[in-house]
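Step one of this worksheet: look at the structure below.
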Amino acid sequence: MTEPGLPPERKADRRMEKRAGKVGMVSLGCPKNQMDAELMLARLRDAGYDITAESGLADVVVVNTCGFIEDAKQESIDQILEFAQLKKEGRIRGILVTGCLAQRYQDELVRELPECDGVLGLGANADIVQAVDTVLSGNQVVSFPDRCRWVLDGPRLLTTPPFFAYLRVADGCNNRCSYCAIPLIRGNLRSREMDTLVREAEELAAGGVKELILVAQDTTVYGQDLKGRSLLPELLERLCSVDGLCWIRLLYCYPEHITDDLLEVMRRQPKILRYLDVPLQHCSGRILRAMNRPGDRESLTALFGHIRQALPGVVLRTTILTGFPGETEADFNELCAFIKEIRFERLGCFAFSSEEGTPAASMPGQIPEEVKRRRRDIVMQTQERIAGEYNQAQVGKTREVLVESFDRYAGCWFGRSTADAPDIDGKVFFTTKTPVSPGDRIRVRITDCLDWDLLGERI
């Protein structure tokens, strides 16, 4: 774990008596959840706790859970039970559960997982130090204050490599998609002040961060709750002036909020990567209306044509949902034809997960699980062919690569190109005759490709 550069007054705060005990944290789910983890870890560190990356060697383990879809919820529960076994064996002393699953299933977690020594809602993240104190004293803590008690600003203990970091510009969401539980968990949109974001970016860059990845539930609506309009283009302009930042990447940009102003800033500013993550879920107008989302195949096709014209060479990523209630074979075939037509360079697909409390959970026409998953597999097989053809077209070209690490099994270095976001996209594996270090930006000539990754040599 690394951290951004801090002003002298923050560094002075460290000279305090150390607390007895080690704290480990496992953060599951999306980068937005990871931001909560980093803020909590900084509070624990500044309070004098030792932070360990080896959670199995900690005294108290914080499991920062995800509660978005069924698979993520099960992963969170499995992780809690794994630590419960370590606690039973006497290898750890306490388990604290935080995050979206804790916020959403408050009573159930407390009742059904007695192995946990504490369950904290999102608003109680601010009390993480006191919660760990309580658990180490042998007591249980259960706290669910108002979500807005959790301030999104403050020092962070980075859990990413030192050369890239996420910047959460907002939390919560006003979109109210009928399948999504995020507003139930996170509440309405809460944008952070622009000056605060720019200062944080400056601290991150001073600490060695070269790539800044902007995230929110819907990044494109940043600022609407502050000024009644999207402030993302203005924020991007200011971030581009931060010394030391080389790449700025955008994730979670909803199609209905992609404006010409945003595309113009992306076209004009070389630091902003021509990479755009645009979650769609579907292209059928009928299904999108049931999802409480605008658009149809015709309007989305026009949008992506406009984006490609405005940003030549742009890499488009999207997310697709199969098996939404009422999705017919005709709807699904239309979706597959749309994917083949647009040819997204990057695409992920999920089978619909029926989430309690959302309108979609009680809609008629629920699709059998095996049909949802079969359709998901077909989409990913289609995308594998498209991605393979895209990668094959890169052979012979030169790409800028951010070096990440050395793969001792493959016997070569690897990194990410401008076309690859961490954890969700591919890698570029390369050989080099001259030394490189993690965080270096180099030029790599692509010589071959795999299904999702590229192979090359440094030039």
field: Positive for side-chain contact (heavy atoms from CB on, under 4.5 Å) with Leu347, one of Glu384, Met380, Arg317
entry: Met380
Any side-chain donor paired with an acceptor under 3.5 Å for [X] and [Y]?
X: Asp78; Y: Gln74; result: yes
X: Gln79; Y: Glu75; result: no
X: Asn292; Y: Ser178; result: no
X: Glu334; Y: His282; result: no
X: Gln34; Y: Thr159; result: yes
X: Glu356; Y: Tyr105; result: yes
X: Asp133; Y: Tyr49; result: yes
X: Asn391; Y: Trp452; result: no
X: Asn139; Y: Thr134; result: no

task: Of all the heavy-atom pairs spanning Ala419 and Arg399, show the shortest one and how long it is.
output: CB-NH2, 3.5 Å
- prompt: Counting distance only, does the side-chain N/O of Lys73 pair as donor-acceptor with the main-chain N or O of Leu101 below 3.5 Å?
  reply: no
task: Return yes if some donor-acceptor pair links the side-chain N/O of Ser76 with the main-chain N/O of Cys66 below 3.5 Å, else return no.
output: yes
task: Using the ring of Phe164 (Phe, Tyr or Trp, six-membered ring only), decide whether Arg416 places NZ or CZ under 6.0 Å from its centre and within 45 degrees of its axis.
output: yes
query: Quick one: does NZ or CZ of Lys32 land under 6.0 Å from the six-membered ring centre of Tyr252, within 45 degrees of the ring axis?
result: yes
task: Go through the steps for Glu355 and Arg104 under the test salt bridge (Lys or Arg N to Asp or Glu O under 4.0 Å), then give the verdict.
output: CA-CA 11 Å; Glu355 296 301 314; Arg104 188 174 181 195; 2.7 Å; yes
field: Asp171 and Arg147: CA distance, side-chain angles, deciding distance, salt bridge (Lys or Arg N to Asp or Glu O under 4.0 Å) verdict
entry: CA-CA 11 Å; Asp171 197 30; Arg147 287 176 296 225; over 6 Å; no
- prompt: Any ion pair linking Asp127 and Arg149 (charged N to carboxylate O, less than 4.0 Å)?
  reply: yes
- prompt: Taking the six-membered ring for Trp, is the centroid-to-centroid distance between Phe344 and Phe304 below 6.0 Å?
  reply: yes
